[in-house]
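Within every chain, numbering begins at 1; the chains are lettered A, B, ... in the order of the sequence lines, protein sequences first and strands thereafter. What you see is a predicted model, and the numbers here were worked out from it, not measured in a lab. The analysis underlying the following values was restricted to heavy atoms, covering all of them including side chains, and did not include hydrogens, waters or symmetry mates.
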Number of protein chains: 2
Amino acid sequence: MLDTAIQRLKNAGYKLTNARRMVLEILCRDDAHLTSAEVLERASLGKDPIGRATVFRTLDLLTELAIIRPTYLRPGTPHYIVMPENGHHAHIICPKCQRVIEIDDCEIEGLLDELVLRHKIKISGHLLELYGECEYCR
Amino acid sequence: MLDTAIQRLKNAGYKLTNARRMVLEILCRDDAHLTSAEVLERASLGKDPIGRATVFRTLDLLTELAIIRPTYLRPGTPHYIVMPENGHHAHIICPKCQRVIEIDDCEIEGLLDELVLRHKIKISGHLLELYGECEYCR
DNA sequence: ATAATACTGAGAGTAAGTATCAATTAGGCG
DNA sequence: CGCCTAATTGATACTTACTCTCAGTATTAT
Ligand SMILES: [Zn+2]
Ligand SMILES: [Zn+2]
Ligand SMILES: [Zn+2]
Ligand SMILES: [Zn+2]
């Protein structure tokens, strides 16, 4: 996933800098949903820590390139997901406690084909958010 | 849509206050994707303006009740959508310029039924975000 | 109408994100 | 490889977004 992400960054004509590689590594490593603050924290640990502004700039750039995607799991600040090669991600969010259940297989292709035809737009990825009270909140 | 939203608020055991009605009215009226600042701005116009903290509290409460949903359209702050009675919303976002194309009919039921069975969770709504460069960015 | 309780608003405080600009670095080219 | 140039970075200051607190107010039930 990391290699793919780096390749997409390069293909878009951007330089692969230490900061960008590190942000991508952090997001890919944990394969988690991290906030900007969490990325910043992890990026400050090793040698060659990355500056505050650079983390925000990098997250914005990667979002624009659709390599990562922000999603609101709880009030305040978004959590970032690395979009896999096929551009799919799906999870269920409990709106009450904000727990997240990951969905591994996302069978949505049929629907997408139809939408693409109708709206004449090339869809490169998606995020399906489902909401429902989780077992702990019921 | 407003009436449904108010009913859901009451059913959850919350009081229908002037502030809550006003926030819901603003979000339903424009049927748009508004930020907290935009809601606050509109809520400050008439007589009986709502306080800053109350707007944020109300947005959080309505989100927790799944009556509205925050979505990421551009860096900074989330945009809020009123979830309709059936809990569906779908739009296509261009990650490059952040333009949004609304999708009116969201035929996703078959997929959802299967997920519900597998994850033993009652899904009450969803947001499907599709990403793809828009016609202006290509 | 009264009472109990949920809710609100003002204002101060904290956290998140942005702007600026001089210094640095990646990547192309000879 | 080593230079060149444009892209990128980081420090700092700044702006905007959001949260906390608590005394006062409004809502609902009886
Ligand atoms: Zn997820
Ligand atoms: Zn829950
Ligand atoms: Zn929409
Ligand atoms: Zn666009």
Side-chain angles (χ1 to χ4, degrees), chain A residues 5-27 33-65 67-80 98, chain B residues 5-26 33-65 67-68 70-80 98:
Chain A
I6 288 174
Q7 201 52 55
R8 276 193 280 168
L9 181 69
K10 284 181 166 177
N11 288 346
Y14 292 93
K15 292 181 178 175
L16 176 60
T17 63
N18 182 50
R20 287 170 181 168
R21 193 206 319 271
M22 194 180 293
V23 168
L24 278 172
E25 273 175 9
I26 288 165
L27 287 173
H33 307 62
L34 302 180
T35 63
S36 56
E38 289 164 340
V39 173
L40 189 49
E41 189 194 336
R42 286 162 173 69
S44 307
L45 293 181
K47 66 171 180 58
D48 268 336
I50 310 174
R52 178 180 188 61
T54 303
V55 167
F56 284 102
R57 272 190 297 236
T58 304
L59 291 173
D60 286 352
L61 174 65
L62 293 174
T63 300
E64 193 180 295
L65 296 178
I67 295 172
I68 65 175
R69 229 306 126 172
T71 182
Y72 286 99
L73 300 185
R74 45 187 169 73
T77 188
H79 290 243
Y80 292 88
Q98 290 112 19
Chain B
I6 288 174
Q7 201 51 57
R8 277 193 280 167
L9 181 69
K10 284 181 166 177
N11 289 346
Y14 292 92
K15 291 180 177 174
L16 176 59
T17 63
N18 182 50
R20 287 168 182 170
R21 193 205 319 271
M22 195 180 292
V23 168
L24 277 172
E25 274 175 11
I26 288 166
H33 305 64
L34 301 180
T35 63
S36 54
E38 288 165 342
V39 173
L40 190 50
E41 188 194 337
R42 285 162 173 71
S44 306
L45 292 180
K47 69 169 179 57
D48 267 336
I50 310 175
R52 177 176 191 59
T54 302
V55 167
F56 285 102
R57 273 190 295 237
T58 303
L59 291 173
D60 286 353
L61 174 65
L62 294 174
T63 300
E64 192 179 298
L65 297 177
I67 294 171
I68 64 175
T71 184
Y72 186 100
L73 299 186
R74 46 187 167 73
T77 188
H79 290 243
Y80 291 89
Q98 290 113 16

- So how far is it from B:Ser36 OG to B:Arg52 CZ, rounded to the nearest 0.5 Å? 8.0 Å

- How would you give the extent of chain B contacts on DNA chain D, as first and last nucleotide 5' to 3' within a 4.0 Å heavy-atom cut-off? D:dA17 to D:dT28

- Which heavy-atom pair separates B:Leu62 from B:Val23 by the least distance, and what is that distance? CD1-CG1, 4.0 Å

Decide yes or no for [X] and [Y]: does some side-chain heavy atom of the first lie under 4.5 Å from some side-chain heavy atom of the second?
X       : Y       : value
B:Pro75 : B:Gln98 : yes
B:Leu61 : B:Tyr14 : yes
A:Leu27 : A:Tyr80 : yes
B:Arg20 : B:Lys15 : yes
B:Thr17 : B:Thr54 : no

- Query: Which residues in residues 44-58 of chain A have at least one heavy atom lying under 4.0 Å from any atom of DNA chain D?
  - Reply: A:Pro49, A:Ile50, A:Gly51, A:Ala53, A:Thr54, A:Arg57

- Item | Nucleic acid contacts of residues 16-25 of chain B, taken as heavy-atom distances under 4.0 Å to DNA chain D | B:Leu16

Separation of atom [atom1] in [X] from atom [atom2] in [N], rounded to whole Å:
X       : N      : atom1 : atom2 : answer
B:Asp60 : C:dC7  : CG    : C1'   : 15 Å
A:Glu41 : C:dA16 : CD    : C1'   : 15 Å
A:Tyr72 : C:dA16 : OH    : C1'   : 11 Å
B:Lys15 : C:dT5  : NZ    : P     : 10 Å

- Task: Could you check B:Asp60 against B:Glu64 for side-chain contact (heavy atoms from CB on, under 4.5 Å), going step by step and ending with a plain yes or no?
- Result: CA-CA 6 Å; B:Asp60 286 353; B:Glu64 192 179 298; over 6 Å; no

- Message: Strictly below 4.0 Å: does A:Ser36 bring a side-chain N or O up to OP1 or OP2 of C:dG17?
- Response: yes

